[in-house]
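Have a look at the structure below, then the notes.
Residue numbering restarts at 1 for every chain, and letters A, B, ... go by the order of the sequence lines. Note that the coordinates shown come from a computational prediction; the quantities given were computed from them, not determined experimentally.
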Amino acid sequence: MDGARMWHVFAGGNDFQWCFSQVKGAIDEDVAEADIISTVEFNYSGELLATGDKGGRVVIFQHEQESKNRPHLRGEYNVYSTFQSHEPEFDYLKSLEIEEKINKIRWLPQQNAAHFLLSTNDKTIKLWKISERDKRAEGYNLKDEDGRLRDPFRITSLRVPVLMPMDLMVEASPRRIFANAHTYHINSISVNSDHETYLSADDLRINLWHLEITDRSFNIVDIKPANMEELTEVITAAECHPHQCNVFVYSSSKGTIRLCDMRAAALCDRHSKFFEEPEDPSSRSFFSEIISSISDVKFSHSGRYMMTRDYLSVKVWDLNMENRPVETYQVHEYLRSKLCSLYENDCIFDKFECCWNGSDSAIMTGSYNNFFRMFDRNTRRDITLEASRESSKPRATLKPRKVSTGGKRKKDEISVDSLDFNKKILHTAWHPKDNVIAVAATNNLYIFQDKIN
Amino acid sequence: MIMKGQKRKLPPEEVEVPDRSSPFWESQRQFVFSVSLNKYQRGQELPEPSLRRSVLIANTLRQVSLEGCMAPSMDMEVSQPPCSSSSAFQESITNSHSALSSCPLVSSNYLSNCAVSRSPVSCHSSASNVPLSAKNEDEDWESMSMDPDFSLSAAISSILTALDSTIDGSPQAAQRTPLRSLENLSGPAEGAVAWMKQGVRGCGGSWEQQENSMEVMRSSYLSDVTVEDLFQDIDTSLLEREMGVLGLRGSGGGYPAGDDLLRYLPPLSSSSSPLLPFSLSLNQKCLPSFSSFSPLSSSSSSLPSLSSPPFSSQNHMREGLELDHLMEILVES
């Protein structure tokens, strides 16, 4: 937390009281690798919630309207569609298997009755159309209700087929496949505000696509050095500005963010703005670079700020100020003294995501032990909550959790050494309008809601 | 803080000590170094290593080795690490290469034994006449490893190149013939001299040998062929003869000279040590085994006695000529 500013303004309605709503996924201890959720994303209206997993599947949940008899609860999310987005592939040229794990899902703004989303694995991006069918035509002339062709000689009269209601069927069909444009692993996709283009970023390059054109893309950033021996920095995340379709940012493994303007040049290797916070020499360690590596970057809905997540903190940047963030929130500072062990067990390489709430007044990110953290930017209050089956009673209010750092452990606190580093919350999403959050805990998806007072 | 199912390992002091003269800092530095190398190697063994992870580990390695150079106390005795001998050796490599590449002249024993390196920094060639046997065994051991800047940074660089080749599938992933590694012996003249001056002890890793090992290592990353496979076909009788001429045998250890060169090319089969790639080449009789993080006390007992004769400049000259002679023969064959 930024200790210099202690705001005691009570923000009234901003005081959240999160309670459990639902959990999706298997309960058994034995987690199948393919079921591990790898991305979570609400659509623009918040009506749909998509998850992708390591097995290449996409599951979409739809928000049901509130029921009349339980008005104090918002509606629930139920499965709307499930489909296999990506299959494991084999690259014969390099003898490498391409993982089917869904790295990112991004929704397109809705333009008609159908929903569109982009899903990507390490190498290929696909545009999926999800459409409903709740009527079917009956009374065809040339075929029976079973579908068998009728003998034409037996047709004596013509009739007009009639649309009859049927059980709702949700179909997902791949409309575009954007392949063979990335040598390295895709880490981000982002739909542009023009709704016609989108960008995809891998470790060294960023490409700009048109949604209609699959056989080519523009390379707009390329940081691959001529001599790979000189490589010291990779791209870790990229995002389009929410309103200015010529602006995008990308973050690096060295803790820097570059903002680029596509009007300036075709190849945006030269940034327009460069965001980096000078290092605090007193906290320098062998792991300083690794923990500075940015794992996620997200613009605020307003487009005025952006948020970055590195290993120990979340930083909010004003796009007009490049030399330091305007706000810094410590996610799990108690891990700083454990970096050596976390390096050894590889946890230091975990990539946590972060997200804004709809009004940009709060931010959320995950941690270990199935903890996730929320920070209220106005009140500067923060809270740690846990996504666990134990606290999953319907409408039960979540109890704040605390990690004890000193010697004395208070009741209900958990000590740092007892944290389960296998239970990591890497992916979280916040409803664009309401106070509903989705938290992915390994193979389970938790949905929490703010209690309506 | 235990990952389920894993034994708790005992890491060194967890305190982040920016104070470089503290022994904790040093031991942590070495720990991080050895863990990083291990991690890197294992990452490379995966079918598709993560580029971000590899770059971060490589940068950490680089930083750790540079900081080792900048440590104030370069006292020989102090630098004996409390942890594994492997990290000690690696530290000595990094110290020497770092010393050469980035440090100004420091009146340390390291530099007095430095060979002339490719980089125009630091070392006095005259100093190489200091008889090594006059020092105690520990100093000898560390002074053996005075590779110029090439060794560690080249290892890291070659790793990244290999990564690129693997990922890009470039045709440069051609198999390197066994003799290709020997061609590297005819590096720049100063490098060759460096090799000679440093250590026809037979055990030291000259930079060419390091480069050899890394060349072969690089090609091994690109294909599944191990070095041993490559050497199946090679007729080493010629090599043995020539290497004997060069005086490798002269290191006195009592092992056949012809095997020396082959030994320096690392066995990259899976049974090999997971640690430092080019240190595998040195996992030989004359050096402690790197296959475990054993404390120095136990591994130092495995240090064999090094009975090499003191050097003279005449030896160097003759060996330099013989090296050229060898190269001519190899090129013609």
Here the gap from A:I290 atom CD1 to B:R53 atom CZ, rounded to the nearest 0.5 Å, amounts to 9.5 Å
Take atom OH of A:Y92 as the centre, draw a 6.0 Å sphere, and report whether it contains more than 12 heavy atoms from other residues, nucleotides or ligands. no
Taking atom CG as the centre, does A:N180 end up with more than 12 heavy-atom neighbours from other residues, nucleotides or ligands that are less than 6.0 angstrom away? no
Within a strict 4.5 Å, meaning less than it, do heavy atoms of the [X] and [Y] side chains meet?
X	Y	answer
B:I57	A:Y343	yes
B:R52	A:T236	yes
A:E289	B:T60	no
B:L51	A:L204	yes

For a quick test of reading the model, state the closest non-hydrogen atom pair linking [X] to [Y] and the distance between them.
X	Y	result
B:R62	A:E229	NH2-O, 4.3 Å
B:L56	A:S253	CD2-O, 3.8 Å
B:V55	A:L231	CG2-CD2, 3.6 Å
B:K39	A:F349	CD-CE1, 4.2 Å

Only counting residues at least two apart or in another chain, list the ones meeting side-chain hydrogen bond (donor to acceptor under 3.5 Å, both in side chains) with A:D296. A:K298
So, the part of A:E97 with a heavy atom under 4.5 Å from chain B: the answer is backbone
Part of A:D91 lying under 4.5 Å from any heavy atom of chain B: neither
Which residues pass the side chain to side chain contact (heavy atoms under 4.5 Å, CB included) test with A:N443, not counting sequence neighbours? A:A26, A:V31, A:D35
